[in-house]
Amino acid sequence: MEERYSFKEIEEKFQAKWEHDKPYASSADESKPKYYALAMFPYPSGKLHMGHVRNYSIVDVIARFKRMQGFNVLHPMGWDSFGLPAENAAIKHQIHPAEWTWENIASMREQLKEMGISYDWDREVATCHPDYYKWTQWLFLEFYKHGLVYKKKAAVNWCPSCATVLANEQVVDGVCERCDTQVHKKDLEQWFFKITDYAQILLDDLDKLTGWPDKVKTMQRNWIGRSEGVELDFQIEGQDDKIRVYTTRHDTIYGVSYVVLAPEHPLVSTLTSGTQVESAVKEFVGKMQGLNEISRTSTETEKEGLFTGAYCINPLNGTKVPIWIANYVLMEYGTGAVMGVPAHDERDFTFAKKYDLPIKVVIAPKGQALDSSTMTEAYVDPGVMVNSAPFDGLENEPAMEKIADYIQQHGYGERKINFRLRDWLVSRQRYWGAPIPMLYCEKCGEVPVPEADLPVMLPTDVEFRAGGESPLKTSSTFIETTCPTCGGKASRETDTMDTFVCSSWYFLRFASPKSSDKVFESKDVNYWMPVDQYVGGVEHAILHLLYSRFFTKALRDFGHLKFDEPFANLLTQGMVCMYGSKMSKSKGNVVSPEEIIGKYGADTARLFTLFAAPPERDLEWNEQGVEGSYRFLNRVWRLVYHYAAALQAGQFTIGEVDEAAETLRRVTHITIKRVSEDISARFNFNTAISAIMELVNACYVYKEHSHQNYAVVNEAIRTLVVLLSPFAPHISEELWESLGNNTSIHLEAWPKVDEAALLQAEVTVVVQINGKLRDRITVPTDLDAKALEVRALSEPKVQQQLEGKQVIKVISVPGKLVNIVVK
RNA sequence: GCCGAAGUGGCGGAAUAGGCAGACGCGCUGGUCUCAAAAACCAGUGGGGGUGACUCCAUGCCGGUUCGACCCCGGCCUUCGGCACCA
């Protein structure tokens with residue numbers, strides 16, 4: 001063993017050994033409890049960043065810890081490898097997206113191996129590999145078969161820069177999530193997944209996810225956005241048509257003073273064509289369509305509207321109310337038409353004030369009257385119903401049910417539950433994605449590609465040009481085919497799937513990644529799933545996690561799975577920051593893992609990212625802190641080196657121990673306890689590491705002691721190295737070897753706490769007077785409350801403090817403190 | 001606007017069930033070793049006052065509960081994150 005800690009040599013040595021011995025290979029084994037640890041798989045950008053290092057280090061500690069505790073651990077890694085950057089690279093550097101992607105994967109795989117993460121590399125998957133996307137396509141057809149995939153013309157979010165459609169979820173503040181270009185609306189025929197069929201169950205089952213952060217569950221709840229209300233019809237005066245509106249405030253129906261349609265509402269032209277307002281309406285509607293969605297729907301935007309000249313009838317009281325068109329009504333939600341109740345809705349109030357529409361009070365605060373002429377804002381709080389014929393005098397909230405019943409009984413409308421969640425648009429007009437396996441036949445129409453013909457391979461003879469349409473659109477070898485039903489001419493769908501489809505099931509594929517005739521082996525999937533611990537950034541709180549839950553539930557319903565939630569426990573790790581903001585190229589505050597690994601080694605890099613902050617919090621990068629972690633590993637190295645020769649013999653029996661040795665034993669076992677609890681119960685790796693540091697400090701103190709009890713030292717040192725091994729796997733493997741072991745430390749059992757070693761004969765107890773610390777006394781651990789009180793009161797310091805004062809009460813907590821209350 | 005999280009030394013953070021605030025690390029100060037430096041090791045390190053034993057103040061602010069509050073309750077302030085005209 002060398003005297004100096006040569007991290008480079010050690011890390012290379014064991015990485016080669018692990019590559020050869022495969023100590024992290026896994027296979028289903030019903031006789032052992034399983035544990036599936038998973039980090040969100042990365043997009044292969046080519047370079048690992050600190051966020052990856054942190055994410056994978058966290059999961060690796062968990063995986064290694066569970067393995068040492070005797071679990072059969074599955075810890076796989078793969079690549080979310082379809083997507084736009086590869087195509088952009090193709091255009092920019094004239095390199096095929098596949099080539100670019102596979103090179104990136106190769107280089108990132110190398111970097112991950114340099115981190116010493118305990119992956120079972122035999123299970124690696126890449127979503128862009130035909131062996132994988134064949135099954136993404138198969139799943140698409142499976143969903144199609146079960147009526148969960150459909151095609152429709154839709155006003156979609158179009159990114160002109162990417163020349164593709166984006167899901168609502170990929171439009172952030174009105175701009176493209178990837179390239180920050182303004183997104184437009186465009187009408188196109190698009191494929192959708194019917195996730196709205198699962199809205200209710202996706203919402204309900206959030207309650208089952210006790211291992212998920214509330215924050216994420218709340219975000220999903222808001223995204224699904226369930227609301228309960230009533231839909232009812234307003235008869236248009238002088239016409240046959242009715243306007244159907246949706247409301248959750250049916251308690252205010254008697255206060256309706258107008259009805260508003262969304263500009264896109266089909267009744268708009270029916271109502272206005274051939275009338276005086278026709279051209280004004282057309283102009284207004286045109287103006288609204290020209291606006292992008294954020295400025296159209298922002299609360300900041302001023303409400304604008306136009307009277308159609310038509311009227312409709314409130315079914316409950318027969319009142320005639322004007323029909324308007326306004327920018328603040330959305331066609332996509334509810335019925336695209338709403339009733340305006342200015343007295344009890346903020347938006348309606350603002351609108352009514354602007355256009356001088358009547359304000360009619362129908363809810364008044366208890367025991368008070370509301371005057372519509374003096375109101376300065378809508379009254380939205382609970383109250384008593386007024387001017388509402390049969391319901392006058394009722395409290396509005398409890399009356400909701402009665403009113404809904406009344407509406408249903410009279411045939412005015414019915415109860416309705418709405419969700420904000422929309423169906424998932426998966427069509428992308430791009431090349432580098434899984435082709436949608438559908439055909440269009442002149443005779444048979446829309447035809448799914450037969451399973452035997454999968455995968456629909458991406459053609460290689462394509463050209464990539466900037467700003468152009470998808471290269472698939474111009475590839476005749478790809479498009480032209482024959483219809484499997486009639487044998488006639490057919491053309492292929494040229495859209496590919498949103499990459500979120502590929503990432504909605506990869507965690508299932510890891511259970512049987514090599515399965516060639518099935519999407520996955522049921523036996524394996526049902527053994528390994530659900531994922532016991534999933535770790536990733538909170539930016540996936542909605543999209544990826546919701547889609548994955550949807551896929552899992554649907555596949556359960558199709559009979560392929562025996563469970564309906566994919567991730568039992570979720571940890572959302574914080575960002576890696578420097579100078580207060582997230583490390584990013586644009587901010588110029590990036591530190592590359594390569595650089596840190598080169599300078600200090602992977603063990604130091606891992607240790608620092610785990611030590612600097614608890615995992616769910618943002619981590620502030622600090623190079624001096626990294627040096628501290630490096631110093632610590634050197635300190636451990638020298639300590640073990642100091643004792644290695646003496647301890648190699650191995651066998652020691654702990655006999656008589658003096659006070660110093662007893663202390664070291666106690667610290668050893670306290671450390672086992674703290675590290676175990678910090679890892680398993682709380683994922684607080686920062687405090688686990690500080691506990692290990694304290695053990696090292698205690699060993700150094702003991703080292704200076706004149707009499708050395710090698711049995712106790714042996715226990716302390718071996719424990720130290722084992723406890724350190726999940727965090728810093730290379731150095732601990734080397735140190736383990738230097739202690740005379742010829743098997744891997746990573747196959748060792750996690751150490752057990754000797755409760756007897758924790759016991760102490762004496763303990764320090766705090767003495768407070770009126771809650772203020774006044775003295776510390778050392779007393780026998782088992783001293784009872786009464787004896788402790790007597791002892792505290794007799795202390796000279798305490799006596800001094802009590803002079804001239806009257807003791808009113810004494811609180812005595814054995815082993816902890818005595819509080820003397822005086823006057 | 002609504003929902004959620006967080007505010008503790010010079011910095012990252014700790015206090016696991018209401019019981020010693022500041023573990024551990026970084027930084028800083030002084031020292032040992034050295035021709036010198038680096039490394040390493042030792043000591044100190046929340047703020048104020050006192051020669052000193054000591055003492056007062058201190059976990060964003062104000063109040064409450066309690067023998068005792070970083071922790072529980074009420075009200076504010078600030079920062080961050082999510083949603084945002086969803087009827």
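Because only heavy atoms are used, hydrogens play no part in the values below, and waters and symmetry mates are left out as well, while side chains stay in. Residue numbers begin at 1 in each chain, while the letters A, B, ... track the order of the sequences.
The nearest whole Å value for the distance from the CE atom in A:Met219 to the P atom in B:rA84 is 11 Å. A straight line from CG of A:Leu788 to P of B:rC67 spans 19 Å, rounded to a whole angstrom. Following rounding to the nearest Å, A:Arg631 (CZ) and B:rG27 (C1') show an atom-to-atom distance of 10 Å. Look at CZ on A:Phe683: it is 15 Å from C1' on B:rU16, rounded to the nearest Å. The interatomic distance linking A:Glu627 (CD) with B:rA40 (C1') rounds to 15 Å, in whole Å. Following rounding to the nearest Å, A:Ile542 (CD1) and B:rA84 (C1') show an atom-to-atom distance of 12 Å. Atom pair A:Ile224:CD1 and B:rG82:P shows a separation of 18 Å (rounding to whole Å applied).
Figure legend. B:rU45 is base-paired to B:rG27; pairs are counted as Watson-Crick or G-U wobble with both atom distances under 3.5 Å. Of the nucleotides present, none pairs with B:rA37 by Watson-Crick or G-U wobble criteria with both distances under 3.5 Å. Nucleotide B:rC72 has B:rG64 as its partner under the Watson-Crick or G-U criteria, with both atom distances under 3.5 Å. Pair assignment for B:rG52: none, as no Watson-Crick or G-U wobble contacts are both less than 3.5 Å. If you check B:rG7 for Watson-Crick or wobble pairing at under 3.5 angstrom, you find it paired to B:rC77. Nucleotide B:rC83: paired with B:rG1 (Watson-Crick or G-U wobble, both distances less than 3.5 Å).
Electrostatic pairing of A:Arg682 and A:Glu616 does not count as a salt bridge here, judged by no charged N lying under 4.0 Å from a carboxylate O. Between A:Lys416 and A:Glu414 there is no salt bridge, since no side-chain N of the basic residue sits under 4.0 Å from a carboxylate O of the acidic one. A salt bridge between A:Arg54 and A:Asp618 is absent, with no side-chain N of the basic residue lying under 4.0 Å from a carboxylate O of the acidic one. The residues A:Glu694 and A:Arg666 are annotated as not salt-bridged, no charged nitrogen and carboxylate oxygen being separated by less than 4.0 angstrom.
Heavy atoms from other residues, nucleotides or ligands lying under 6.0 Å from NZ of A:Lys786 number 12 at most. Annotation for A:Glu789: atom CD counts as buried by contact number, over 12 foreign heavy atoms lying within 6.0 Å. Remark: A:Lys673 NZ is loosely packed, at most 12 non-hydrogen atoms of other residues, nucleotides or ligands lying under 6.0 Å away.
In this structure, A:Arg635 reaches the B:rC41 phosphate: one of its side-chain N or O atoms is under 4.0 Å from OP1 or OP2. Proximity of A:Arg221 to the phosphate of B:rG82: no side-chain N or O atom is located under 4.0 Å from OP1 or OP2. In this structure, A:Gln801 reaches the B:rU55 phosphate: one of its side-chain N or O atoms is under 4.0 Å from OP1 or OP2. Put simply, A:Lys416 has no side-chain N or O that comes within less than 4.0 Å of OP1 or OP2 on B:rA87. Phosphate proximity of B:rA87 to A:Tyr328: absent, as no side-chain N or O sits under 4.0 Å from OP1 or OP2. Considering only side-chain N and O atoms, A:Lys215 lies nowhere under 4.0 angstrom from the phosphate OP1 or OP2 of B:rG4. Note on A:Ser629: every side-chain N or O is 4.0 Å or more away from OP1 and OP2 of B:rG25. Regarding contacts with the backbone of B:rG12, every side-chain N or O of A:Asn686 stays at 4.0 angstrom or more from both OP1 and OP2. The shortest distance between the side-chain N/O atoms of A:Arg682 and the OP1/OP2 oxygens of B:rA14 is not below 4.0 Å. Between A:Lys797 and B:rC54 there is a side-chain polar atom (N or O) within less than 4.0 angstrom of OP1 or OP2. In terms of phosphate contacts, A:Asn222 brings no side-chain nitrogen or oxygen within less than 4.0 Å of OP1 or OP2 of B:rG4. Applying the 4.0 Å criterion to OP1 and OP2 of B:rA14, one finds that A:Arg617 has a side-chain N or O inside that range.
Across all strands shown, A:Asn770 has no heavy atoms under 4.0 Å from either base or sugar-phosphate atoms. A:Lys303 comes within 4.0 angstrom of a base, heavy atoms only.
If you find the closest nucleotide of RNA chain B to A:Glu304 and to A:Ile811, the one lying nearer the 5' end belongs to A:Ile811.
Here the side chain of A:Asn327 is nearest to one of B:rC85, B:rC3, B:rA14, namely B:rC85.
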